[in-house]
Protein chains: 2
Amino acid sequence: MSTKSAAQRARARQMLEIARRYDLADESKVEISDRLGISRFKVARLLQEARESGLVRITLEHGGEPDEALSRQLARHLALDAAVAVEAYGTVEEIRRIVGTHAGKVLANTVTRGETLGLAWGRTLTHMIESIDHLPSVQILQLNGAVGPSLSQSPVELALKASLIGGNNAKAIMAPLYISDADGVQAIRSQPDIKDVLDSFDTLTTAVVAVGSLNDTGDGSTTSRLLPMLPPAVREELLSSGAVAEACGLTYAADGGLAYRQLSRDHILSISPQQLRRVPRVIAVASDPSKAEAILALRRADVLSELVVDAELAEAILALPAFVRDRDEAPWPA
Amino acid sequence: MSTKSAAQRARARQMLEIARRYDLADESKVEISDRLGISRFKVARLLQEARESGLVRITLEHGGEPDEALSRQLARHLALDAAVAVEAYGTVEEIRRIVGTHAGKVLANTVTRGETLGLAWGRTLTHMIESIDHLPSVQILQLNGAVGPSLSQSPVELALKASLIGGNNAKAIMAPLYISDADGVQAIRSQPDIKDVLDSFDTLTTAVVAVGSLNDTGDGSTTSRLLPMLPPAVREELLSSGAVAEACGLTYAADGGLAYRQLSRDHILSISPQQLRRVPRVIAVASDPSKAEAILALRRADVLSELVVDAELAEAILALPAFVRDRDEAPWPA
DNA sequence: CGATATGCTGCTCATATGAGCACCAAGTCG
DNA sequence: CGACTTGGTGCTCATATGAGCAGCATATCG
């Protein structure tokens, strides 16, 4: 309960009166001052105060609607089963949230009871999970290990939240994504609770992955948080290997081949590229045009079947060469 | 799903970019034009388009918070069990909605299972009912007959809606509020289904009434819709009788006595003043300062125990003489 | 192909607006 | 009581802004 003096209330009422005329009825300050019998300076000051005190609220419409035509174009361009391009304006973070929220709608509307759902990790996916309030009862599997020690931003947390809204049935990978010692990876992979999850990957019916690009500007994305964890030599090797895309901790070159294969094989605790390729439905979620090449690379790697992106990224993808499904089997032009 | 061309999307993005700078970052149009390399005229036009197309949304904060100090003052001034003065700015209709919504909160938070709840009629009460999404299981009684033929704006509709959210147990009065023939009123009052409701009034534990003022400006209020239904002679008589307040179709003079007693007795189908006075808890809901005198009159008539009003009306009431509970028993100053 | 319509651009000039200052009224303290 | 602060007011003047117009593209049609 707020408590104001009568004078304050009268002042607030006058501010609203003026704000209504100025902002909604498009009267000029001079006009208002004449009509209300106060000086135009007072009008200006009350207006300013009204804004500062929150009596007048200006919000920008950040989008959130899918663009049907663009979505179709995108699906055709990459020969995908489905694609959604969401209109989103604003800061990088706002766009991420909008795309994530829409991915949540897609997921909630299409996943059916009894499926096995795999979740990779990324802030976009965090937004996705947080925007969903109900999911059919599904088995949830975390697709890769954790980056960094923070629990609240880890894939474990993501899987936990997903579990809470969908069947209370989630299996997490309680281990780091990158393990420097090759033998150590084998040891961890054969741990019963980890092995259980890794083996279950063969039963996945749907997976949701975030897309990382290796050319990005160190904006705090999952990929850019992964890089500093690598030993300098490994990092150098990776960057010079031609890797342009990252998904589930696996790195791919522009042609769709695994980049720096040995890293993925011996040091990354994650679903394997083969397993990921066998998942019937892999939804990639991404925002920002810088991810365009990465997405094309993942498509060539055949590890994604659906896409949820923002309109700007969609346009950037359309500016790249179209993906042709398996050149060898393409019909020969007459 | 919206569908725009790439050019339209780019335009929308630019509008948002400009609007962010102008409205949120307080840059001037000239500054923006310099920085983005476009003419200030284009900036102005894009800004205007952004507003017209709804990309920029300006909303005024209309209040909705109760003012604690003012509420206490008001309760003391009228010697009420409880009073709430809600901050509300804006048009008459907006204020009505805010007050009604708050009355809904009060009602939903205080009514307990098994009560018998009486509802008068008014647009404020309509807003009140529509703002409530759940009510304990209660017996609902409509307090007075209908004004006008419109079902959707009638007390019957109000009772029905209330019934839907609170126990599905409502009894309506399927008859007009004003009946010109005195014998007709008696006949209707003795109809079994009407009589049942009228008799049940003695079991009321809580009633909510709207307050009508007879000095108002024909703004479409319940009272002002009642007046045209009266025969001219009756209307004249009523207006010259000194009536200043109306509640449940009953009219009161400034001193709290029934005004034009014969009208209420012989032509109005409603709870009786005696019955209303016996209800342990009568919540009056009203907005607009023009209702101040009416509320004081109703208080003197001893037919209200709680009040939900807007801050401006509260102030108007405080400007009137304070109500003293029963002068004869007031302690004699030493 | 030329003629006309349409929409977008940036201009000029009158007006609206903001920054900073000087003033006044009411409280506060020595 | 007078000097001081404090908060609010309206002023001047430089600048920002809006209305209306003319120029120049592109679209449309005979």
Side-chain angles (χ1 to χ4, degrees), chain A residues 2-61 67 69-70 73 87 89 311-312 315 319, chain B residues 2-61 63 67 69-70 87 89 311-312 315 319:
Chain A
S2 63
T3 298
K4 296 178 177 177
S5 74
Q8 283 173 311
R9 278 190 299 274
R11 192 180 175 79
R13 281 195 281 269
Q14 190 175 38
M15 286 195 283
L16 265 299
E17 166 80 13
I18 291 174
R20 181 185 333 278
R21 288 168 183 266
Y22 188 76
D23 288 316
L24 302 182
D26 268 329
E27 295 182 23
S28 82
K29 297 183 186 180
V30 175
E31 205 171 348
I32 296 171
S33 71
D34 288 349
R35 211 178 293 213
L36 301 187
I38 54 184
S39 80
R40 69 182 183 85
F41 306 99
K42 187 158 185 175
V43 170
R45 284 176 185 128
L46 286 173
L47 270 173
Q48 200 178 341
E49 191 182 337
R51 275 171 204 212
E52 286 165 0
S53 66
L55 251 43
V56 175
R57 198 172 300 163
I58 300 180
T59 49
L60 303 186
E61 193 56 57
D67 186 309
L70 190 61
Q73 242 182 306
E87 280 178 35
Y89 315 105
E312 216 167 338
E315 286 168 12
Chain B
S2 62
T3 299
K4 297 178 177 178
S5 74
Q8 282 173 312
R9 277 191 298 275
R11 192 180 175 78
R13 280 196 280 269
Q14 190 174 38
M15 286 195 283
L16 265 299
E17 166 80 12
I18 292 173
R20 182 185 332 278
R21 288 168 184 266
Y22 188 78
D23 288 316
L24 301 183
D26 267 330
E27 295 181 23
S28 81
K29 296 183 187 181
V30 175
E31 205 171 347
I32 296 170
S33 70
D34 288 348
R35 212 178 295 212
L36 300 186
I38 54 184
S39 80
R40 68 181 182 87
F41 305 98
K42 187 158 185 174
V43 170
R45 283 175 185 131
L46 285 173
L47 269 173
Q48 199 179 342
E49 190 182 339
R51 277 173 203 210
E52 286 165 359
S53 66
L55 284 176
V56 175
R57 198 173 298 162
I58 300 179
T59 50
L60 302 186
E61 194 55 58
D67 185 310
L70 191 60
E87 278 179 37
Y89 315 105
E312 216 167 336
E315 287 168 12

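Residue numbers begin at 1 in each chain, while the letters A, B, ... track the order of the sequences.
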Asker: For the side chain of A:R45 and the base of D:dG10, is some donor closer than 3.5 Å to an acceptor across the two?
Answerer: yes
Asker: Regarding C:dG18, can its base be found pairing with the side chain of A:R40 as donor and acceptor, where the two atoms are less than 3.5 Å apart?
Answerer: yes
Asker: Can you measure A:E49 atom CD to C:dG18 atom P for me and round it to whole angstrom units?
Answerer: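 Distance check: A:E49 CD to C:dG18 P gives 15 Å.
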Asker: Output the rounded distance in Å from CG (A:D34) to C1' (D:dG10).
Answerer: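 Answer to the nearest Å: 14 Å.
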Asker: Would you mind telling me which of C:dA19, D:dA16, C:dG10 lies closest to the side-chain atoms of A:F41?
Answerer: C:dA19
Asker: Using a cut-off of strictly less than 4.0 Å, decide whether A:Y22 has a side-chain nitrogen or oxygen near OP1 or OP2 of C:dT17.
Answerer: yes
Asker: Using whole Å, report how far CZ of B:R21 lies from P of D:dA16.
Answerer: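 To the nearest whole Å, that distance equals 16 Å.
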Asker: Could you point out which residue of B:L36, B:I18, B:L55 forms a side-chain contact (heavy atoms from CB on, under 4.5 Å) with B:L46?
Answerer: B:I18
Asker: Nearest to the side chain of B:S39, heavy atoms from C-beta on, is which of D:dT9, C:dG10, C:dT17?
Answerer: C:dG10
Asker: Below the 4.0 Å mark, does D:dG18 have OP1 or OP2 next to a side-chain nitrogen or oxygen of B:K29?
Answerer: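 The answer is yes; a side-chain N or O of B:K29 sits under 4.0 Å from OP1 or OP2.
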Asker: How long is the gap from CD on A:E49 to CD on A:Q14, to the nearest 0.5 Å?
Answerer: 10.5 Å
Asker: Whether A:E17 and A:R21 form a salt bridge (side-chain N of Lys/Arg under 4.0 Å from carboxylate O of Asp/Glu) is what I want to check.
Answerer: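 Looking at A:E17 together with A:R21, the answer is yes, because their closest N to O distance falls below 4.0 Å.
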Asker: Nearest 0.5 Å, what's the CD1-CZ distance between B:I32 and B:R20?
Answerer: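 The CD1 atom of B:I32 sits 11.5 Å away from the CZ atom of B:R20.
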Asker: Just how far, in rounded Å, is P of C:dC11 from CD1 of B:I38?
Answerer: 13 Å
Asker: In whole angstrom, give the distance that lies between atom CD of B:E27 and atom P of C:dG18.
Answerer: 16 Å
Asker: What is the distance, rounded to the nearest whole Å, between atom CG of A:D26 and atom P of D:dT17?
Answerer: 15 Å
Asker: Between B:L36 (CG) and C:dG10 (C1'), how many Å, whole number?
Answerer: 17 Å
Asker: More 5' along DNA chain C: A:S28 or B:R11, using each one's nearest nucleotide?
Answerer: B:R11
Asker: Less than 4.0 Å between a side-chain N and a carboxylate O, is that true for A:D23 and B:R51?
Answerer: no
Asker: Between C:dC11 atom P and B:K42 atom NZ, what is the distance in whole Å?
Answerer: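 The answer, rounded to whole Å, is 13 Å.
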